[in-house]
Chemist: 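Handing you this structure, nothing more for now.
Computed from a predicted model, the values in this text were never measured in an experiment. Computation of the quantities below employed the complete heavy-atom set of this structure, encompassing side-chain atoms and omitting hydrogens, waters and symmetry-equivalent molecules.
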Amino acid sequence: MSPKAAACPVCKKPASAETRPFCSAACRDRDLLQWLGEGYRVAGPPADDDTQKIGDYGLDSERD
């Protein structure tokens, strides 16, 4: 039994050796833009309230 050819995660065409796991540089770049534009999200626990506060804190400022 031969190993199954990998498919491009973007367009499902066979992957290219040069741009694996993508079929082309265009699909690779499209995937990167999805990550940079927050099109993909990784689930995780909610952030603490302290890290979500928006304030004008400098390095020497007193915190609440």
Chemist: Quick one: CD on Glu18 to OG on Ser24, what's the gap to the nearest 0.5 Å?
Modeler: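 Output value for this atom pair is 11.0 Å.
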Chemist: Check step by step if side-chain contact (heavy atoms from CB on, under 4.5 Å) holds for Phe22 and Leu32.
Modeler: CA-CA 11 Å; Phe22 305 101; Leu32 177 61; over 6 Å; no
Chemist: Are Cys23 and Cys11 side-chain neighbours, meaning at least one heavy-atom pair lies under 4.5 Å?
Modeler: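 The answer is yes; the side chains approach within 4.5 Å.
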Chemist: Can you name the closest pair of heavy atoms from Ala7 and Lys12 and give their distance?
Modeler: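 Of all heavy-atom pairs spanning Ala7 and Lys12, the closest is CB-O, 3.8 Å.
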Chemist: Indicate the atoms forming the closest heavy-atom contact of Pro9 with Pro21, along with that distance.
Modeler: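 In terms of heavy atoms, the two residues are closest at CD-O, 3.3 Å.
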Chemist: Give, for atom OG1 of Thr19 and atom CG of Asp29, the distance between the pair rounded to the nearest 0.5 Å.
Modeler: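 Between Thr19 OG1 and Asp29 CG, I get 10.0 Å after rounding to 0.5 Å.
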